[in-house]
Amino acid sequence: MITVLGLGSIGSLLSCKLRLNSCRLNVISRLSRNAEINYKEYNGLEHTIKGFEVHTAESIPPIQQLIIATKASDALPALESVRDKLNEDSSVLFLQNGLGYLNHSKLKTFNQQLLISNTNIAATLVNGKLIESSNGGTFNVTTYTPSQALTKNSEGLLHTLASLDGIDVKMVDNKDFLNTAHLKLVANCSINALGSIHNCKNGDVYQLNKDLVEGVINEASTVLCLDEKSTRDYVLNVLQSTKDNYNSTHRDIYQRGKRASETEIEYINGHILREADLRGINTPYNRYIYDDFMCKFK
Ligand SMILES: NC(=O)C1=CN([C@@H]2O[C@H](COP(=O)(O)OP(=O)(O)OC[C@H]3O[C@@H](n4cnc5c(N)ncnc54)[C@H](OP(=O)(O)O)[C@@H]3O)[C@@H](O)[C@H]2O)C=CC1
Ligand SMILES: CC(C)(CO)C(=O)C(=O)O
């Protein structure tokens, strides 16, 4: 059985899709929440989704297959909070945006199989209502430890994920994963901070910030050694396919009242700045966006 840790936008979306597929699941939330989600599918169909149990980390039964659906900075503390509920053969899937948050020696103390992924599905939870704002999407998945064979629980978890409506799961090797993660990072570098600064949907980011978006794509492609044209095509495609979404950082700022330093921008534009620094590359557009965001929401 799958356990979803974190009942925000993506955790709720996966929980709803699992329930619509008649899968049994447990969810973990820090707040006591109603075990009911009002879900509006991308195609406009609305449902009230029930039938899953909301637990705390303390009350959750033993976990076989875990999806960590928190923000990047919460992912390791969240995993730690359920350490004693995992068995040796449990499987854990990360899906966070951003890079650098898993570079922690603590992860090596987990014997369970860890899977890392990036995804282009999109959703927003507004006032208790979950709005799906992408027409499905893909999870690019790899094992955290390179070239590991999948365990039974990992296979089961990915098989269930792939059976959900609109969800595609691609198992890739570590090199290809890094490539997809880098592309996704450039999309997030172009969208999340700017969408928050301008308080706009993804679909309006480009028109409002054409020069900045083009500058960020150019810089990030250089830093991450990506082909600039295909990176640009990828970013424009994400902007279009998620045009009705307020990005996940926007929600942290406007709905949760988080400060800039508590958001994922540190692992998004911040990651590019750190990599650029290491390699002596000048990234004025990224620097401008990062500083503007940090100053505006300090
Ligand atoms: N939203 C989107 O469209 C997309 C998001 N992503 C990525 O997916 C990840 C999740 O994003 P999103 O769903 O938007 O984020 P949200 O902030 O909406 O949800 C995160 C949830 O995690 C919960 N949480 C954090 N720590 C714990 C913990 N220790 N125990 C239990 N619950 C915890 C938070 O709970 P609490 O309410 O208590 O703070 C919150 O409900 C992020 O990395 C994001 O960048 C990727 C693609 C698209
Ligand atoms: C794909 C996108 C930009 C969707 O909004 C996202 O990853 C996010 O919101 O963080």
Side-chain angles (χ1 to χ4, degrees), residues 1-19 23-37 51-119 121 123 125 128 130 139 141-145 148 151 153-154 156-158 160-161 248-249 251-252 255-259 261-268:
M1 177 171 10
I2 291 185
T3 299
V4 176
L5 197 170
L7 206 48
S9 306
I10 295 296
S12 300
L13 179 63
L14 293 176
S15 301
C16 288
K17 284 183 177 287
L18 284 161
R19 280 308 301 147
C23 299
R24 289 171 59 228
L25 79 150
N26 283 321
V27 299
I28 304 176
S29 170
R30 287 193 288 217
L31 305 170
S32 71
R33 299 246 161 106
N34 205 340
E36 201 175 280
I37 299 173
F52 50 83
E53 287 189 32
V54 184
H55 292 269
T56 61
E58 291 73 35
S59 70
I60 192 81
I63 298 170
Q64 293 170 316
Q65 300 167 340
L66 178 66
I67 299 178
I68 307 233
T70 68
K71 290 282 167 41
S73 49
D74 291 324
L76 283 186
L79 177 60
E80 189 61 53
S81 74
V82 294
R83 186 192 275 271
D84 61 345
K85 303 299 169 80
L86 299 171
N87 301 314
E88 286 267 307
D89 66 350
S90 304
S91 172
V92 180
L93 175 71
F94 292 96
L95 51 70
Q96 283 61 35
N97 277 337
L99 283 174
Y101 68 99
L102 293 176
N103 299 344
H104 201 290
S105 54
K106 220 180 210 172
L107 264 192
K108 300 217 163 59
T109 66
F110 286 87
N111 302 323
Q112 292 75 15
Q113 182 156 66
L114 306 177
L115 303 169
I116 45 178
S117 73
N118 55 66
T119 178
I121 58 171
L125 193 62
L130 175 70
F139 281 78
V141 187
T142 196
T143 50
Y144 181 69
T145 304
Q148 254 183 359
T151 63
N153 271 325
S154 293
L157 172 56
L158 298 179
T160 306
L161 206 55
S248 54
T249 306
R251 182 164 177 262
D252 276 348
Q255 284 188 49
R256 294 170 170 246
K258 281 195 183 175
R259 286 183 302 189
S261 58
E262 297 164 339
T263 68
E264 291 184 312
I265 294 306
E266 204 50 61
Y267 299 103
I268 297 176

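Every heavy atom of this structure was used, including side-chain atoms; hydrogens, water molecules and symmetry mates were not.
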Closest contact, heavy atoms only, [X] versus [Y]:
X: His55; Y: Asn26; value: NE2-OD1, 3.6 Å
X: Ser9; Y: Ala123; value: CB-O, 3.4 Å
X: Gly6; Y: Ala69; value: O-CB, 3.8 Å
X: Ser90; Y: Asn153; value: CA-ND2, 4.0 Å
X: Val54; Y: Ser29; value: CG1-CB, 3.8 Å
X: Ile268; Y: Gly98; value: CG1-CA, 4.0 Å

Measuring from [X]:[atom1] to [Y]:[atom2], what's the distance to the nearest 0.5 Å?
X: Ile2; Y: Leu25; atom1: CD1; atom2: CG; value: 7.5 Å
X: Ser117; Y: Gln96; atom1: OG; atom2: CD; value: 7.5 Å
X: Ile116; Y: Tyr144; atom1: CD1; atom2: OH; value: 7.5 Å
X: Tyr267; Y: Asn103; atom1: OH; atom2: CG; value: 9.5 Å
X: Ser248; Y: Glu264; atom1: OG; atom2: CD; value: 5.5 Å
X: Ser91; Y: Leu115; atom1: OG; atom2: CG; value: 4.5 Å

Does any N or O in the side chain of [X] come within less than 3.5 Å of the main-chain N or O of [Y], such that one atom is a donor and the other an acceptor?
X: Gln112; Y: Asn87; answer: yes
X: Lys85; Y: Ile60; answer: yes
X: Thr3; Y: Leu66; answer: no
X: Arg19; Y: Phe52; answer: no

**Message:** Run the salt bridge (Lys or Arg N to Asp or Glu O under 4.0 Å) test against Asp74 and tell me which residues pass, sequence neighbours left out.
**Reply:**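 Listed in chain order: nothing, the list is empty.
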**Request:** Name all residues meeting the salt bridge (Lys or Arg N to Asp or Glu O under 4.0 Å) criterion together with Arg259; count only those two or more places apart in sequence or in a different chain, and write none if there are none.
**Result:**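 Checked Arg259 against salt bridge (Lys or Arg N to Asp or Glu O under 4.0 Å); matches are Glu262.
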**Request:** List the steps, then state whether side-chain contact (heavy atoms from CB on, under 4.5 Å) holds for Leu161 with Leu93.
**Result:** CA-CA 11 Å; Leu161 206 55; Leu93 175 71; 3.8 Å; yes
**Item:** Flag side-chain contact, heavy atom, 4.5 Å: Thr145 against Leu114
**Value:** no
**Request:** Answer whether the closest heavy-atom distance between the side chains of Thr119 and Ile10 falls below 4.5 Å.
**Result:**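 SC-SC contact between Thr119 and Ile10 ruled out.
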**Item:** Criterion side chain to side chain contact (heavy atoms under 4.5 Å, CB included) against Thr70, the qualifying member of Leu95, Leu5, Leu79
**Value:**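 One option only clears the test, and that one is Leu5.
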**Asked** Hey, mind stepping through Leu14 and Ile121 against side-chain contact (heavy atoms from CB on, under 4.5 Å) and telling me if it holds?
**Response** CA-CA 10 Å; Leu14 293 176; Ile121 58 171; 4.3 Å; yes
**Message:** When you compare the side chains of Gln113 and Gln148, does any donor N or O come within less than 3.5 Å of an acceptor on the partner?
**Reply:**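 Side chains of Gln113 and Gln148: pair found under 3.5 Å.
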**Message:** If we count only N and O atoms by modelled type, under 3.5 Å, do the side chains of Thr109 and Arg83 hold a donor and an acceptor together?
**Reply:** yes
**Request:** Could you list all the salt bridge (Lys or Arg N to Asp or Glu O under 4.0 Å) pairs where at least one residue sits in residues 51-62, not counting sequence neighbours?
**Result:** none
